[in-house]
Number of protein chains: 2
Amino acid sequence: MKITIKDIAREANVSTATVSKILNNKDQRISKETRERVLLIAKEKNYIPNLMARSLVTRKTNTIGLVLPDITNPFFPELARGAEDKANKEGYMIMYCNTDDDSEKESSYLEMLAQKMVDGIILTQSANKEGNIESLNKLKIPLVLIDRDINVKNIKGKVLVDNFSGAYEAVDYLLKKGYKKIAYITGPLSTTTAIERLGGYTKALEDSHILINFDLIFEGEYKAQWGIDGTNELLKSKVEFDAIFCGNDLIAINVIRTLKEKNIKVPEDIAVLGYDNIFLSEMIEPPLTTVNQPAYQMGYEAVKLLIDVLDNNKDGKTIKLKTNLVIRKSV
Amino acid sequence: MKITIKDIAREANVSTATVSKILNNKDQRISKETRERVLLIAKEKNYIPNLMARSLVTRKTNTIGLVLPDITNPFFPELARGAEDKANKEGYMIMYCNTDDDSEKESSYLEMLAQKMVDGIILTQSANKEGNIESLNKLKIPLVLIDRDINVKNIKGKVLVDNFSGAYEAVDYLLKKGYKKIAYITGPLSTTTAIERLGGYTKALEDSHILINFDLIFEGEYKAQWGIDGTNELLKSKVEFDAIFCGNDLIAINVIRTLKEKNIKVPEDIAVLGYDNIFLSEMIEPPLTTVNQPAYQMGYEAVKLLIDVLDNNKDGKTIKLKTNLVIRKSV
DNA sequence: CACATCTGCGAAAACGTTTACCTAAGTGCA
DNA sequence: TGCACTTAGGTAAACGTTTTCGCAGATGTG
């Protein structure tokens, strides 16, 4: 049988109120003897507080919802890990949800999290559809956006990365290295990340007075398979190109594989540049030149920001983290 | 303001009991009109049940704890994904925790999960220390082990993989290919997985009448860094070897990298064989020959088993999944 | 000595549900 | 008419906490 605060109260000859105060270290005006007696009994009986009951009255669950597209994409475990580490440090736990970039799954999860009364939600928003934003607006729970931006009212904070300058720097690097016909195999342009990176890509080309060739831009998903399919589409299209900038590393790695299979050498024939700097990007052959995103830090900062918002009930902060180009051998 | 069952009751001129019964579809003896009226009001007011309050009386949270060593190890996202998919399908949510194979973190998490009153816990047990097993025994929550076996009383089920035969098949394959001096860079022998794989390794050698050379066995962690360090130790030790069997793919991939850096060719000079078949194992050069573990399925089955146990209150089942050798180019 | 303040603790309401049991009216039947 | 059932729904306790307010006695203050 679970032992409760009542059992302790009875045994110690005090009221439950007193026990509660002692256990939570709330009311300082309690005699040392009583305090120690209660604490001792609690320890002896191996008392475990019932957080449901507590939450019911305090309206605080010390739980955070983390909703991500897909934990299987190596970018997200890092992020999740950062989030969890900070959460743990602050006494929070994390409920995690994979949306597969499916807006129905997303809103279903958001509702479930609302029922569970999580204190806050950290969200990498999926496909940016009407209905979804509706339901986000309805949501009463503090929301912190991470990675992808979106225009919703009750956002309590954002942790973003400067995708524009990340992409700019990458493409500029390619240009400085002498590449002129740079293809871009991007993720879905329904995400702000993809849009911003596209912005960086075009700006870099413009600044070098290179005309943008839309036949060189291929839009797909942020998934490994798209690296293969995108490369094939690109090759089939017969446009000339000497480098490929990729929406993320997962794509880039599979671009390289596909090129190799066709006996196209990287970087001698074609240069490939990725985005994310997932840990396996340095383990492939050739090691991938890529734009480093501080995934762990993003998760960490998001939780930090959220808890800060929760504690102080102010909002609006946007944290913008920097990327940096990691030069390896694929360019 | 959150609207509650009371608000609905007032508006519909019925008692909260009636509302509760209708919302949960419990008591069939309720007139159609009342039922529909209540349902309508609930929908209109966008009623969201408070799961805390419910859990307090039903003693069920529909939440599962998933405690893993490290989500950053690519084996685990797959597993976590499988777990989450099944959980979601059954109306459960998952709280996830990284232990870093640190037994203190593990027991701290287990206690937190107990406080949150999760219905069950799925555990990949960390370092197999005394105190830990103690605290597991004390735990009152249904426990399903996954991946790593361990001897604890109140286990409600296990989802394991046949590590012995997996390793046996792998080493046997190396032997059949003509390799005779097979080094083994293993994970921590405090885990049952490592022990069982070592068993498969030795048995395969014995069956081929090859004497086991303990100088060829190097024990470390299931981490990327150990692939580098282990290789260096092996090379420094000056024992002769023609193949390396690795504790997992993360190790194997870094073994290959390290060998390459020293201009040792894989597989021409040295063959390398991994374990896990994480998705990046086919993306490296050369693509890794490895033992496939059904990570996704493991997670899926574990949740299935746990929910089954929860619903029917029986226990004891052990599911043992099969591995299979995936032949690529590293041998 | 009269009053104010402090100390140590308790009573009871509140959080939002579920559920075992009860009731009152209606129905069927001999 | 009298009795037993059914129907439709209500009462109230229970789940395990937290928290506001209150109170009695002790102590200080002028």
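Per chain, numbering begins at 1; letters A, B, ... match sequence-line order. Heavy atoms only: backbone and side chains are in, while hydrogens, waters and symmetry mates are out.
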Select base, sugar-phosphate, or nothing to describe what B:S15 touches, counting heavy atoms under 4.0 Å on all strands.
base

Between B:E33 (CD) and D:dT7 (C1'), how many Å, whole number?
12 Å

Heavy atoms from C-beta onward define the side chain here; which of D:dC15, D:dT18, C:dA11 lies closest to that of A:K6?
D:dC15

Check whether B:Y109 reaches the backbone of B:E104 with its side chain - one donor and one acceptor, N or O, closer than 3.5 Å.
no

Side-chain N,O (A:T18) to OP1/OP2 (C:dG10) below 4.0 Å
yes

Per A:T4 side chain, nearest of listed nucleotides C:dA11, D:dT17, D:dA8:
D:dT17

Length of the NZ-P vector between A:K26 and C:dC9, whole Å
18 Å

Are the side chains of B:I155 and B:V144 in touch, meaning some heavy atoms are under 4.5 Å apart?
no

Per the atom types in the model, does the base of C:dG8 pair as donor or acceptor with the side chain of A:K21 at under 3.5 Å?
no

Expressed in angstrom and rounded to an integer, what is the separation of B:I22 atom CD1 from C:dT17 atom C1'?
15 Å

Do any N or O atoms from the side chain of B:R148 and from the backbone of B:T192 form a donor-acceptor pair under 3.5 angstrom?
no

Here the distance between atom C1' of C:dA14 and atom NZ of B:K2, to the nearest Å, is 18 Å

Side chains of A:Q293 and A:E78 only: does a donor on one sit below 3.5 Å from an acceptor on the other?
no

In whole angstrom, what separates A:L23's CG from D:dT18's P?
7 Å

Can a side-chain donor-acceptor contact be found between B:Y47 and B:K2 if the only test is distance below 3.5 angstrom?
no

For DNA chain C, what residues of residues 51-62 of chain A have any heavy atom nearer than 4.0 Å?
A:L56, A:V57, A:R59

Of the candidates D:dG16, C:dG16, D:dG22, the side chain of A:R29 sits closest to D:dG22

To the nearest Å, give me how far apart NZ (A:K116) and C1' (C:dT17) are.
15 Å

What is the nucleic acid contact for B:S20, judged by heavy atoms within less than 4.0 Å: base, sugar-phosphate only, or nothing?
base

Separation of atom CG in A:D27 from atom P in D:dC21, rounded to whole Å
14 Å

Which atom of A:E11 lies closest to which atom of A:I41, heavy atoms considered
CG-CD1, 3.6 Å

Value in whole Å for how far the P atom of D:dG9 lies from NZ of B:K32:
14 Å

Can you check whether A:Y47 has a side-chain N or O nearer than 4.0 Å to OP1 or OP2 of D:dG16?
no

Measuring to OP1 and OP2 of C:dC15, would you say a side-chain N or O of B:N50 lies under 4.0 angstrom away?
no

Would you indicate, yes or no, if C:dT18 has its OP1 or OP2 atom less than 4.0 angstrom from a side-chain nitrogen or oxygen of B:T16?
no

Could you tell me whether a side-chain N or O of B:N73 sits under 3.5 Å from a main-chain N or O of B:F75, the two making a donor and an acceptor?
yes

Just by distance, with hydrogens left out, do B:T63 and A:K116 show a side-chain donor and acceptor under 3.5 Å apart?
yes

